[in-house]
Amino acid sequence: MNYLVTTSIPYVNGEPHLGHALEFLMADVVARNARAQKKPVIFTIGTDEHGGKIAEKALELGVTPKEFTDQISQKYRDFAKLLNISNDRFIRTTDAGHEQRAQLIWKALQKDIYKGNYTGWYCTGDEAFFTEAVVKENKGVCPNHNRKYDLLEEENYFFRLSQYSQKIQELIESDEFNIIPATRRNEILQVFKDGLEDISISRPKEKISWGIPVPNDNTQVMYVWFEALMNYITVLGYPEHDDFKKFWPANVQVVGKDILRFHAAVWPGMLLALGLELPKTLYVHGFITVNNQKMSKSLGNDVKPSQIIEEFGVDAFRYYFLRHIPSYGDGDYNPERFLAAYNNELANELGNSMQRTAAMITQYQNGIIGNVPEAEHDQALYREAIENCQFDRALDDVWEQVRGLNQFIDEEKPWSINKAGDKDHLSEVLAYQVSCLLEIANMLSPFMPETAQKIRYVFEEGVIRPTKTTLFPRKDTLKKV
RNA sequence: GUCAGGGUAGCUCAGAUGGUUAGAGCGCAGGACUCAUAAGCCUGAGGUCGCGAGUUCAAUUCUCGCCCCUGAUACCA
């Protein structure tokens with residue numbers, strides 16, 4: 001019954017962008033949908049704040065890491081608010097609670113942690129390790145510094161992920177740990193074929209000091225990733241808090257395809273080692289391009305969500321990204337397509353269907369709605385789509401109903417019925433339209449909460465309550481973004 | 001290289017355990033109407049379903065080969 005939804009926690013070395021928005025929105029739909037079903041819900045988001053890169057960046061800016069992360073973290077908080085995200089919690093990995101609980105988790109994992117040597121290709125110019133693949137690609141020479149990579153050893157703590165490889169694989173294969181879409185499930189199963197290797201989970205403090213200390217060893221701090229993953233249970237008050245006991249395992253964890261491995265291999269390993277259940281579903285979303293190009297500041301094509309929201313409203317933003325970015329793949333944003341979707345689907349089809357209904361009831365019946373029947377369209381497709389995190393299809397299905405309503409109106413021609421003077425029939429037809437709109441509002445509410453609210457406001461009380469503005473005023477020109 | 005997924009109307013995509021005229025939305029063209037945000041509704045044009053071969057009474061759907069695209073191939077948070 002209890003329902004837990006999480007997003008991944010963005011690393012605060014950058015500002016919030018469209019990709020974060022997408023993830024927030026998808027998780028928000030899941031959370032709002034569960035609440036609509038009267039389930040007790042905890043929906044968490046947050047920020048990941050430790051690590052060398054953060055420390056460096058802070059140094060560049062001449063502020064302390066703490067000051068730096070405070071500032072960026074706040075931007076994510078504001079961003080979620082801007083998008084009307086209904087998160088119940090916002091965790092920061094620099095929260096005292098997280099830091100303490102991370103150490104508890106480390107201790108609880110002790111039996112699977114050992115000290116070892118990490119060997120890797122290191123560039124002293126970058127002061128960083130590089131993967132085998134990168135080194136091979138560069139033929140053993142760092143392009144940034146034009147010097148050979150050194151094979152370096154470093155003392156780290158390791159986590160016995162290998163021990164849990166088979167068990168995790170079984171849970172994925174049986175769908176007890178359900179990874180969607182299937183393509184991502186296949187992808188990660190490949191990794192399990194040869195078994196997972198143990199992973200390094202700490203860094204020498206002398207190299208990276210901005211991190212959570214390893215218990216009983218002040219020469220090492222926890223590797224950021226290892227510690228960041230813990231947020232999903234520290235946020236609930238692992239191990240002693242009621243929320244943890246009642247809400248874990250998560251029902252849906254929402255992550256991007258770039259961090260699949262951490263969430264489908266490392267994190268499950270940690271959970272098994274702790275004797276905890278795996279999340280029920282891991283939903284993996286794709287990336288957004290802008291005009292089919294990778295979004296980047298250097299290209300100057302980075303889109304500011306705040307600008308879109310300012311011009312079109314938050315629900316229009318939510319709508320576009322939830323319906324027109326494929327839920328199971330990558331998608332593209334471009335202003336023309338956005339405008340087309342806004343005008344055709346939101347203003348013309350949805351907005352206008354409400355407008356014409358309200359107008360007729362006002363003109364023909366002095367605003368009196370009459371007996372609204374229970375609209376009972378088949379919602380199986382819609383429900384199944386949400387269950388499978390196919391937000392695009394769920395909205396497609398809602399629009400089937402929006403179109404259906406417009407067709408109904410054109411077939412019935414209430415204006416003709418009015419001329420003919422058949423008051424009973426007229427009232428029946430118009431009341432049916434209202435019932436359709438209220439049903440649409442219900443289906444829309446996880447996706448477009450404000451819009452759903454506006455529709456209900458107009459029709460809910462038996463008498464049309466006029467509003468100052470239309471739902472989605474047409475936009476004939478496109479501001480240059 | 002290996003593994004996975006994909007190449008279907010101008011665009012974004014759906015679909016077919018092989019079987020009469022291959023679907024939707026956008027865009028385009030035309031029509032009837034008027035309650036409405038010059039919105040909505042109806043109709044139509046447009047595709048040799050990546051290329052070649054095979055299996056079959058029948059393939060766009062199955063098999064093989066080839067071409068092209070995308071992703072993964074493990075410690076970047």
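Lettering follows sequence order; numbering is per chain, from 1.
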Euclidean distance for C1', B:G27 against B:C66 (whole angstrom)
35 Å
Under 4.0 Å between a Lys/Arg side-chain N and an Asp/Glu carboxylate O for A:Asp315 and A:Lys454?
no
P spacing across the pair B:G6 / B:A74, given as an integer number of angstrom:
24 Å
B:U60 -> Watson-Crick or G-U wobble partner, both distances under 3.5 Å, gives none
Taking any heavy-atom pair under 4.0 Å as a contact, classify A:Phe226: base, sugar-phosphate, or nothing.
nothing
Check: B:G40 base within 3.5 Å donor-acceptor of A:Asn348 side chain:
no
Do the charged groups of A:Glu450 and A:Arg318 touch, with an N to O distance under 4.0 Å?
no
Searching all strands shown, indicate the nucleotide that pairs with B:U55 (Watson-Crick or G-U wobble; both distances under 3.5 Å).
none
Searching all strands shown, indicate the nucleotide that pairs with B:C66 (Watson-Crick or G-U wobble; both distances under 3.5 Å).
B:G50
Assuming nearest nucleotide by heavy-atom distance, tell me which of A:Gly51 and A:Glu197 is located more 5' along RNA chain B.
A:Glu197
For B:A4, does the base pair up with any side-chain atom of A:Asn186 as donor and acceptor (N or O, under 3.5 Å, distance only)?
no
When you compare B:U37 with B:U12, how far apart are their P atoms, in angstrom units rounded to a whole number?
35 Å
Distance between C1' atoms of B:G46 and B:C11 (Å, rounded)
13 Å
Does A:Ser200 reach a base, just sugar-phosphate, or nothing at all? Heavy atoms under 4.0 Å.
base
A:Ile409 CD1 to B:U34 C1', in whole Å, measures 13 Å
Give me the distance, rounded to whole Å, that separates B:G23 from B:G15 when you measure between the P atoms they each carry.
15 Å
Pick the C1' atom in B:U21 and in B:U17, then give their distance to the nearest Å.
23 Å
How many Å lie between CG on A:Asn352 and P on B:C33, as a whole number?
20 Å
It should be established whether A:Gln355 places a side-chain nitrogen or oxygen under 4.0 Å from OP1 or OP2 of nucleotide B:G40.
no
Is there a Watson-Crick or G-U wobble partner for B:C28 with both distances under 3.5 Å, and if so, which one is it?
B:G44
State plainly whether the residues A:Lys257 and A:Glu187 are in salt-bridge range, i.e. N to O under 4.0 Å.
no
Applying the Watson-Crick and G-U wobble criteria at under 3.5 Å, what pairs with B:C13? Answer none if nothing qualifies.
B:G23
Distance check, P atoms only: B:A22 and B:G54, in whole angstrom units.
24 Å
Using a 3.5 Å distance criterion without hydrogens, assess whether the side chain of A:His285 forms a donor-acceptor pair with backbone atoms of A:Val254.
no
Look through every strand shown and name the nucleotide pairing with B:A36 as Watson-Crick or G-U wobble, where both distances are under 3.5 Å.
none
Closer than 3.5 angstrom, by distance alone: can the side chain of A:Asn343 be matched with the main-chain N or O of A:Lys475 as a donor-acceptor pair?
yes
Whole-Å P distance, B:A16 and B:G10:
23 Å
Short N-O contact, A:Lys66 and A:Asp70, less than 4.0 angstrom
yes
Does a nitrogen or oxygen in the side chain of A:Arg261 sit under 4.0 Å from OP1 or OP2 of B:U73?
yes
